[in-house]
Amino acid sequence: MADVTALVEQARAGGPRAVARLISLVEGASPQLREVMAALVPLAGGAYVVGLTGSPGVGKSTSTSALVSAYRRRGKRVGVLAVDPSSPFSGGALLGDRVRMSEHASDPGVYIRSMATRGHLGGLSWAAPQAIRVLDAAGCDVVLVETVGVGQSEVDIASEADTTVVLLAPGMGDGIQAAKAGILEIGDVYVVNKADRDGADATARELNHMLGLGEARKPGDWRPPIVKTVAARGEGTDEVVEALEKHRAWMEENGVLAERRAARVAHEIERIAVTALRSRIGDLRGGRDVGALAARVLDGSLDPYAAADELVAGLTAGA
């Protein structure tokens, strides 16, 4: 069993091995997870969480690395969670994002962790919220969360980040997809990367047009900016950081940041509770209770809603 108190103290002191061990406990759903979270929660809450998402090939890893460099120039301690697709065989991650960010590997002010999705849809790992808390409590000023290459509906990052950055690139069909892509409805900052390619200006114009369709913003509401970058050369990255800081300031001024963080924790609590309930349902299934209810629905003596009511009553009896 790990000494959680010692691990937390070492993580607060900047020990990368302690941070790695705590995240491993989170990812593995360790029996000590409750103890870990109880120790970390009083220490968390200071990090600014930025999510980066977009289609495969838009340059998320390169953009993340460029943002790390920009924040380090500002003296910020940075944590990175790079979510990779899982192997269908081993369940592990390719760690490709960590390879692309190898230039920061020797920087003690940067912690990079690749996490496998392990079958979780939405572009994130199921353990991402707790892993973010580990990096937050470990003293990171900024936590960058890079999702896997997502499509039109994987928008989990919007519920886990303070600010969501949506990346696009010219010549990849993003402009055509803009009208229906769900990820284009969650962005607080939009980045057209690879802006040295033909079509970058057109992509930015189409994106601006799409963002203006059906707008119902009131005076003082946040208007997502569009920033053009060439992340591979670090061009435009400072402008992205400026846009992020403006959004953070706007959220703090209007109480939006506190609202988002409260909603994030409420969502986390609900997810933990649902997981516990599913476990209890599994126990009932083993005890044939669910099977008996299913048989009554099949023979017409009970409808599925009434069966569900009986199941819930059994779960909550004595609670």
Side-chain angles (χ1 to χ4, degrees), residues 1-45 47 49 51 61 64 78-99 101 105 110-140 143-148 150 154 156-157 159-161 264-283 285-286:
M1 298 288 281
D3 185 339
V4 172
T5 301
L7 284 175
V8 170
E9 290 177 356
Q10 292 165 19
R12 291 288 288 176
R17 290 186 179 180
V19 175
R21 180 64 177 138
L22 287 170
I23 294 180
S24 293
L25 291 174
V26 166
E27 280 196 286
S30 165
Q32 293 182 281
L33 184 54
R34 288 175 178 268
E35 184 183 356
V36 170
M37 288 299 110
L40 294 179
V41 165
L43 305 173
V49 182
S61 296
T64 300
V78 184
V80 178
L81 287 181
V83 183
D84 280 317
S86 293
S87 162
F89 303 105
S90 68
L94 176 64
L95 307 184
D97 297 307
R98 185 181 293 186
V99 172
M101 291 180 241
V110 179
Y111 182 87
I112 301 171
R113 175 71 173 237
S114 289
M115 299 180 70
T117 57
R118 299 191 180 182
H120 181 78
L121 300 178
L124 288 181
S125 163
W126 73 271
Q130 287 80 27
I132 291 170
R133 183 173 290 115
V134 171
L135 295 176
D136 185 353
C140 290
V143 176
L144 303 176
V145 184
E146 179 197 337
T147 73
V148 300
V150 297
E154 292 88 346
D156 279 4
I157 188 60
S159 64
E160 302 299 344
R264 187 160 75 217
V265 174
H267 181 63
E268 181 183 6
I269 294 170
E270 290 174 3
R271 186 163 52 229
I272 293 170
V274 167
T275 299
L277 287 173
R278 281 177 177 164
S279 175
R280 293 182 64 183
I281 289 174
D283 293 340
R285 184 171 297 172

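- Between L40 atom CG and I132 atom CD1 the span is 13.0 Å, to the nearest 0.5 Å.
- Across L81 and A131, no two heavy atoms sit closer than the pair CD1-CB, 3.7 Å.
- When each of I23, V78, V143 is paired with Y111, the side-chain contact (heavy atoms from CB on, under 4.5 Å) condition holds for I23 and for no other.
- For R264, the salt bridge (Lys or Arg N to Asp or Glu O under 4.0 Å) partners two or more places apart in sequence, or in a different chain, are D162.
- At least one donor-acceptor pair under 3.5 Å links the side chain of D136 to the backbone N or O of A47.
- For the residue pair V36 and L25, the shortest heavy atom distance occurs at CG2-CD1, 3.9 Å.
- Applying the salt bridge (Lys or Arg N to Asp or Glu O under 4.0 Å) criterion to E268, with sequence neighbours excluded, gives R133.
- The minimum heavy-atom distance linking M115 with A128 is given by the pair CE-N, 4.2 Å.
- Side-chain contact check for P129 versus H267: every heavy-atom pair is 4.5 Å or farther apart.
- Contact detail for G51 and A161: the closest heavy-atom pair is N-CB, 3.5 Å.
- When every heavy atom of R113 is checked against every heavy atom of A20, the shortest pair comes out as NH1-O, 3.2 Å.
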For residues 6-18, please give each side-chain donor-acceptor pair under 3.5 Å, one per line with the distance, not counting sequence neighbours.
from : atom 1 : to   : atom 2 : distance (Å)
R12  : NE     : A137 : O      : 3.4
R12  : NH1    : A137 : O      : 2.5

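- Counting only distance, with no hydrogens or angles, the side chain of Q32 and the backbone of A2 share a donor-acceptor pair below 3.5 Å.
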